[in-house]
S.K.: 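Got a structure here, written out as structure tokens. Questions coming.
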Amino acid sequence: DMDLGHGFDAGAGFVNGTRSNTDVDVTNEKAFVGKLGYSAETWGVQLAGTYGDAADFAGNPTIPSRHKETIIDLILNWNPTDKFSSYINADWLSSQKGSGQRGLGIAAAGRYALTDRAGIALRAEWIDLTQVGAPTLRTYTLTGTVDYKLTDHLTVKAETRFDNAHMMNV
């Protein structure tokens, strides 16, 4: 990360594939990552992206897949008071894997501090993933959380979650 001044920051780098699930680089597949952000006193925005090779984990992970993939991520956060914080996160995916994948995901969450040690939060997520020639997968989740800070380094949480997933165009 690099501070550009006046609330702006930027970053760039290279990683082992767009969605690597290993700690070991077994191929020459690389991806570029970059971000640009702005932070004000109570809100911020960040636009990030990844472009490059997408590993093909279905086959031999040591053989390059040569599939290109793009992931764009937009995050908006708003923290108007010391007690309330929130964010909206939207992700877009375009991949050459298989016969072509497209995806869109949106998450929104907020947390309210009831006391210095306790809080409640609500998070909602929606994901739509489409592959050419295949049904669209659509998922929804809603999660409620109650948290309590036992010590400075230990917080307990109780969550309840609702999930719904279904295939469309079957």
S.K.: When rounded to the nearest 0.5 angstrom, what distance separates CG in L129 from CD1 in I127?
M.R.: 8.5 Å
S.K.: How many angstroms lie between atom CG of L4 and atom CG of D9, to the nearest 0.5 angstrom?
M.R.: 6.5 Å
S.K.: Taking all non-hydrogen atoms of both residues, which atom of A108 and which atom of I88 are closest, and how far apart?
M.R.: CB-CG1, 4.2 Å
S.K.: Could you tell me if the side chain of D73 sits less than 4.5 Å from the side chain of N89, heavy atoms only?
M.R.: yes
S.K.: Using a strict cut-off of less than 4.0 Å between a Lys/Arg side-chain nitrogen and an Asp/Glu carboxylate oxygen, indicate whether D128 and R102 qualify as a salt bridge.
M.R.: no
S.K.: Please tell me whether S94 and T70 have a donor and an acceptor in their side chains that are separated by less than 3.5 angstrom.
M.R.: no
S.K.: Does a side-chain heavy-atom distance below 4.5 Å link L114 with I120?
M.R.: yes
S.K.: Could you state the interatomic distance from CG (L47) to CD1 (I72), rounded to the nearest 0.5 Å?
M.R.: 6.5 Å
S.K.: Taking the side chain as every heavy atom from C-beta outward, state whether L137 and T130 have any pair of such atoms under 4.5 Å apart.
M.R.: no
S.K.: Assess whether side chain to side chain contact (heavy atoms under 4.5 Å, CB included) is satisfied between V156 and L150, documenting all intermediate values.
M.R.: CA-CA 7 Å; V156 293; L150 295 174; 3.5 Å; yes
S.K.: To check you understand the geometry: which heavy-atom pair defines the closest contact between N79 and S86, and what is its length?
M.R.: OD1-N, 3.3 Å
S.K.: Side-chain heavy atoms nearer than 4.5 Å, only ILVMFWY residues, links allowed to pass through others: does that put F84 and V146 together?
M.R.: yes
S.K.: More than 12 heavy atoms of other residues, nucleotides or ligands under 6.0 Å from CG of N164: is that the case?
M.R.: yes
S.K.: Indicate, with yes or no, if the rings of F32 and F14 have centres closer together than 6.0 Å.
M.R.: yes
S.K.: Please report the C-alpha distance between D147 and R117 in whole Å, then the side-chain angles of each, then the deciding distance to 0.1 Å, and finally whether the salt bridge (Lys or Arg N to Asp or Glu O under 4.0 Å) criterion is met.
M.R.: CA-CA 8 Å; D147 61 73; R117 299 180 94 62; over 6 Å; no
S.K.: Has N77 got a side-chain atom pairing as donor or acceptor with G44's backbone, closer than 3.5 angstrom?
M.R.: yes
S.K.: Do T141 and R161 have side-chain heavy atoms sitting under 4.5 Å apart?
M.R.: yes
S.K.: Applying the 4.5 Å side-chain criterion to the ILVMFWY set and letting contacts propagate, would V33 and I71 be lumped into a single cluster?
M.R.: no
S.K.: Any chance you could measure D91, atom CG, to I106, atom CD1, to the nearest 0.5 Å?
M.R.: 9.5 Å
S.K.: If you measure from NE2 on H166 to OH on Y140, what distance do you get to the nearest 0.5 Å?
M.R.: 4.5 Å
S.K.: Consider only side-chain N and O atoms of T145 and E159, and report whether a donor and an acceptor are under 3.5 Å apart.
M.R.: yes
S.K.: Check for a donor-acceptor pair, side chain of Q96 on one end and backbone N or O of K68 on the other, with a separation under 3.5 Å.
M.R.: yes
S.K.: Go through it in stages, so that I can follow the logic: the residues are L142 and L122, the test is side chain to side chain contact (heavy atoms under 4.5 Å, CB included), and I'd like the CA-CA distance, side-chain angles, deciding distance and then a yes or no.
M.R.: CA-CA 7 Å; L142 186 62; L122 185 65; 3.9 Å; yes
S.K.: Search all heavy atoms of Y148 against all heavy atoms of A118 and return the closest pair with its distance.
M.R.: CD1-CB, 3.8 Å
S.K.: What's the separation between atom OG1 in T42 and atom CH2 in W78, rounded to the nearest 0.5 Å?
M.R.: 8.0 Å
S.K.: Above 12 or not: heavy atoms from other molecules or residues under 6.0 Å from CG of D116?
M.R.: no
S.K.: Restricting to non-hydrogen atoms, name the atom on P135 and the atom on M167 that form the minimum distance, rounded to 0.1 Å.
M.R.: CB-CE, 3.6 Å
S.K.: When the aromatic ring centroids of Y38 and F8 are compared, is their separation below 6.0 Å?
M.R.: yes
S.K.: As a quick check of understanding, evaluate side chain to side chain contact (heavy atoms under 4.5 Å, CB included) for Q46 and L74, giving each step before the final call.
M.R.: CA-CA 6 Å; Q46 178 176 297; L74 176 66; over 6 Å; no
S.K.: Taking the side chain as everything from C-beta on, heavy atoms only, tell me whether W126 gets closer than 4.5 Å to L104.
M.R.: yes
